[in-house]
Amino acid sequence: MPVAPVTLAESLRPWSYAGITHFLADSPLDLSQAEKPIRPRPGLAPASGGQRARRFHPREAPAAPPASAQPILPSAAPGPPALSPLWQAMLAKTPAAPIAWTYAELGLDLGGAGSPERGRILRELIQRLRLPKGSSAFWPFKLRDENGAYAATPQMFQAGLDRLKPRALIFFGPADLTQAGFPNLDSLPYVQHMLAGRLLITLPDINALQTDTDKLNSVFAYLRTFLANLNFYG
């Protein structure tokens, strides 16, 4: 029966070099320090220089650095500026609607200190246009402040529009566009502008419609053309 080769440990090699191959001992020789022969695994070439070949295991790959627990997100777009208490109170009384109406004296009319004749003109136009109930909102660009001054605040007017989100803004008196925060638009009536997805329609001064029936009829015909395809509920 062939004897399996044994690789001597370093401590026994000097005896082997001296020609001593056998020992007489009272007890069996402890060969626990003898190294077992190296048998290369199938498909693994032996390493050069007498060193053991080592197979690389995927689980021994260096661990990737841990991902951050808080992902870096793009900064959110800034929202509309905060409304002052005066304008916040006005917004609370203004329901959102697809059409917003405005003119210079609207803040006075809403406060009961204006002309009832302008309110009559608005009601007549809305009825003749057959606008659905709840489709109109009235948002001023001027209010009387705590000191009693009636002044325009374009930042608050624009911030209110951003919250009400009307699809169309009907503006009487285009000479006042700059006061409402539209400084670069033509100050002419019967002009349409598309601003950030919102249709802006300029019309003559509302005071001129109180005594001029022909001009009032022209305003009605003009609005009927541009509001006919407006989606009130989409």
Side-chain angles (χ1 to χ4, degrees), residues 81 83-129 131 133-193 195 198-224 226-227:
L83 295 173
S84 67
L86 178 67
W87 286 88
Q88 185 65 49
M90 176 59 65
L91 182 67
K93 299 184 291 185
T94 308
I99 301 175
W101 305 73
T102 194
Y103 51 90
E105 299 87 357
L106 180 58
L108 296 175
D109 293 347
L110 292 175
S115 168
E117 205 46 35
R118 288 188 290 263
R120 180 192 65 80
I121 291 174
L122 285 179
R123 289 192 298 271
E124 179 179 341
L125 284 173
I126 291 173
Q127 291 173 359
R128 292 176 65 181
L129 290 168
L131 297 179
K133 183 179 180 180
S135 61
S136 293
F138 305 96
W139 184 243
F141 57 88
K142 287 185 177 184
L143 286 180
R144 195 180 299 280
D145 61 20
E146 294 80 359
N147 300 320
Y150 188 66
T153 311
Q155 296 85 357
M156 296 294 97
F157 174 70
Q158 296 290 340
L161 288 179
D162 290 340
R163 289 167 170 82
L164 295 172
K165 301 184 184 304
R167 294 180 179 83
L169 173 64
I170 300 175
F171 198 104
F172 292 94
D176 298 319
L177 283 170
T178 298
Q179 296 187 61
F182 303 108
N184 300 318
L185 301 182
D186 295 332
S187 57
L188 298 173
Y190 305 111
V191 178
Q192 311 87 43
H193 305 274
L195 303 174
R198 179 181 301 132
L199 178 64
L200 170 63
I201 300 175
T202 59
L203 297 174
D205 192 307
I206 194 171
N207 296 297
L209 307 181
Q210 298 180 30
T211 57
D212 193 332
T213 304
D214 291 339
K215 185 171 289 187
L216 179 60
N217 291 334
S218 297
V219 167
F220 163 70
Y222 187 80
L223 287 176
R224 181 177 57 182
F226 286 96
L227 298 181

When rounded to the nearest 0.5 angstrom, what distance separates NE2 in H193 from CG in L177?
6.5 Å
Q210 vs L216 side-chain heavy atoms within contact, under 4.5 Å
no
Which distance, rounded to the nearest 0.5 Å, do you find between the CG of L106 and the CZ of F157?
9.0 Å
Pairs flagged by salt bridge (Lys or Arg N to Asp or Glu O under 4.0 Å) wherever residues 94-116 is involved - sequence neighbours left out
D109-R118
Verdict with reasoning, F226 to I201, per side-chain contact (heavy atoms from CB on, under 4.5 Å):
CA-CA 9 Å; F226 286 96; I201 300 175; 4.0 Å; yes
With sequence neighbours left out, the residues meeting ring pair (Phe, Tyr, Trp, His ring centres under 6.0 Å) with F171 are F141
Just checking, any donor-acceptor pair under 3.5 angstrom between side chains of D145 and N147?
no
Using the rule given for side-chain contact (heavy atoms from CB on, under 4.5 Å), can you reason through F138 versus T102, listing the C-alpha separation, both sets of side-chain angles and the distance that settles it, and then say yes or no?
CA-CA 6 Å; F138 305 96; T102 194; over 6 Å; no
Mind checking ring pair (Phe, Tyr, Trp, His ring centres under 6.0 Å) for Y150 and listing every partner two or more places apart, or none if nothing turns up?
none
Would you sort out whether L143 and W87 count as a side-chain contact (heavy atoms from CB on, under 4.5 Å), showing the intermediate values?
CA-CA 8 Å; L143 286 180; W87 286 88; 3.6 Å; yes
Distance from D214 atom CG to L209 atom CG, nearest 0.5 Å?
11.5 Å
Point-to-point distance, once rounded to the nearest 0.5 Å, from CE of M90 to CH2 of W139:
7.0 Å
